[in-house]
Every structure is written in structure tokens, then in C-alpha cells.
Amino acid sequence: MAVVTASEQANPGAKHNVQAARQAYYDKISKFHMAPLWEVLKDLVTPEPKTQIQPAAWKFSDVKKLMLEAGDVIGTEEAERRVLVLENPGMPGKSRVTNSLFAGIQLILPGEIADVHRHSASAIRFVLEGEGAYTAVEGEKTMMKHGDFIITANWAPHDHGNPGKQPVMWLDVLDLPTIIHFEASFAEHFDEKMQKTNHADGDSFERYASGVLPDGAPATLNRSPVINYPYAKMRPILERLKTTGDIDKRHGARVRYANPINGGPVLPTMGAYLSLLPKGFAGAPYRSTDGTIFACAEGSGTTVIDGKPIEWSVNDVFVVPPWQRYQHKAAEEAVLFSISDRPAQEALGLWREGA
Ligand code: 1HN
């Protein structure tokens, strides 16, 4: 930013001297670790959000092929987690899909174990393809099926394994860039490969998300106690909303994954939705400050982001940058999963939406 002073306006020849004097002054103050705010103010305080994040899509036809090739070049044991990072093209090398979230695709092959660890970052998994693998979280071992939404809250011990016959792939989303931003990242490994599990598959869902709570359950909890929100339980609810016409003109027939303790988001840093776009849906334009990751669970469609169409079908992943206007269209009935940092922004009083 160039500030034009009154003396410069009166005498343009003075401009060079003024700039030179300023630069000398900036050089001087830099030795004291100080800098002029007025040179950067316009980049810092913007009338609207500015982002380096770009709209982007990962087609499952490419992803699947590349993931299976990863299976040839490295084992889960050596990799610890065989994950390909979905790099936002606007921030290559930064291991993030939005400024606050990490996204990756994980593959676990038959016979493999991804051993038990825990970290400060919270994770969610949205299962794409294959059956026969499990994830174990905080003592519950749950089988992973297409469309299942699985939560690993921060510091929860977790391990995965595939005793089945098929390669299994899922979308991992972590709040890792947020945790790294706060420089509050811890991690630890356990000696055993698998944690001991004493809760049956589906235990936390049945125990907490069936209209009752175990007597004595905490009155507040900043993350959901449910480990797996199975697609088989969620999908019929979308059908109910569709049947009664409860269809948002922007989002379709949509449910929000909720913490049954308080109705809040599943995690303090990440919130997720599952949405049915009826056949022929042409959504109204929408934008919000939370850059959002979408994964298609069923059907196909097009999302127009800032005027540019992104076509998607089953298991494709795409990202909408913060505050960019988008519009979903579906020629056939489709189901979209979405996840963003909205709860974190809401907790800080920052979140905004608009048309
Ligand atoms: C991680 O621990 C997992 O446990 C997946 O499956 C993806 C990405 C970055 C850092 C840790 C997992 C991850 C991750």
C-alpha cells in the first residue's frame, strides 16, 4: 500500500525522498522486530474473506486406481497409515484441503493392521468403498461400511484392521491444520498393535442415540460419545424428510450429525451433514464462511462454484472454499456428505452465511 502524503501531492518530486526515508525507517525498526502496520493493513483487515483455497475435485475413478497403486509401493505397517493427502491446489505442500482441515484417502488391504495411536487432532472417517475392515475407537470395534460416518475425538486411542477379503477405502478428515495453528499438537503410540475392545459394534450408537441416555451420562460433553453413525440408520431419515417435503432450497433434505448429549456438533472443531438432493433438484445459491468438503454417497450431480461447474458421482470428493457462492444440481437423486469447521467458527462468533 502506498500512502500519498499532502506534501507529495503538492510536490510530486518529493515522493522519491519520502519513500526512501520510509524505507530507511522500516529497515531501522526491523532490527527491533517491529514493522509498519499501515503497509499491510489492507491485507489483514479485509471487507470480505480472502482465501488461497481453490475449488477442487478428486474423482474416485482416479483416486481408486492411485490408492491401489499405493498398496503396491508401501504397506500399512511401514506407512503407519496409508493415506494420500488431498492437497488443495491453492496451497500445495501444506497438507490441507481447506485452511483449517486436512483431508486424505486411506486404504487398508486384507490382512493389514494400522496400529493403535492417539493424537490431539480429531478425525472423522467417511467410508467410501469395500467391506470387511474395522476401526476401533475408545474400546468399541465397529465395522466400516459405505456411507458410515465415524468419529475419533481428540486423544481417543484408535486402530484399524482388515480381516476381510476386499481393499477398503475411506475419506479421513482431521482438524490437524487447526491444531498445528495453535501449536498444541501431541501424539503417542501404544505398545500393543490393537486396543482391547469390550464394546460391541454399534454399542455407542444404541446406547446414546436411541432416545435415552445411560443414567448418569454427563450433562455436557463437547464431543459426541457415538463412534459410528451408520449409513443404514441415516439414509431412511433422509427418505422421511423427502417424503414430507422437508427440503431446504439450498441444501436439500439434510440432517446434521448431532451429539446426543446436548444436540451440538459431533466435535468442537468439525461439523457434518448428510443431504439428499431429490431428482431434478436445482439448489438456490448459498455461501458461508466455512470452507466445506463434500463426498458423494449416492447418485450424481453438479455443483456450480463461483460460476464454474464441478461434476461429481459416487465416492468423488470436492471442496468449496470459504465464502464462495455455490449451487447444487442433481439430475438424478443424490446423497452428499459434507464436513467443515463451522462449529469452531460458531464457537468464536465468526460464522456467517449468505445467498
Ligand atoms: C491418522 O492418525 C489417521 O489414524 C488418518 O487413521 C489420517 C492424517 C494425518 C495425521 C494422522 C488414522 C491421518 C492421521
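Side chains included, hydrogens not; waters and symmetry mates left out as well; all remaining heavy atoms used. On a predicted model such as this, the values are computed, not experimentally measured, just so you know. Note that ligands are numbered from 1 as they come in the structure, with each ligand's atoms numbered from 1 the same way.
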Using a strict cut-off of less than 4.0 Å between a Lys/Arg side-chain nitrogen and an Asp/Glu carboxylate oxygen, indicate whether [X] and [Y] qualify as a salt bridge.
| X | Y | result |
| --- | --- | --- |
| Asp316 | Lys59 | yes |
| Lys242 | Glu333 | yes |
| Lys196 | Glu140 | no |
| Glu87 | Lys94 | no |
| Lys233 | Glu206 | yes |

Name the closest protein heavy atom to [atom], giving the residue it belongs to and the distance to 0.1 Å.
| atom | value |
| --- | --- |
| atom 3 (C) of ligand 1 | Arg81 CG, 3.7 Å |
| atom 13 (C) of ligand 1 | Leu174 CD1, 3.7 Å |
| atom 6 (O) of ligand 1 | His160 NE2, 2.6 Å |

Which ligand 1 atoms, with their elements, are less than 4.0 angstrom from a heavy-atom of [X]?
| X | result |
| --- | --- |
| Arg125 | 3 (C), 4 (O), 5 (C), 6 (O), 12 (C) |
| His119 | 1 (C), 2 (O) |
| Phe102 | 8 (C) |
| Gln106 | 5 (C), 6 (O), 12 (C) |

Taking heavy atoms and a distance under 4.0 Å, where does Leu176 meet ligand 1: side chain, backbone, both or neither? side chain
With respect to Asp172, determine whether any N or O atom, backbone or side chain, lies less than 3.5 Å from an N or O atom of ligand 1. no
The side chain to side chain donor-acceptor pair (under 3.5 Å) partner of His119 among His158, Glu188, His189 is His158
Classify the angle between the aromatic ring planes of Tyr326 and Phe294 as parallel (below 30°), tilted (30 to 60°) or perpendicular (above 60°). perpendicular
Heavy-atom contact check, 4.0 Å cutoff: does Glu80 meet ligand 1? no
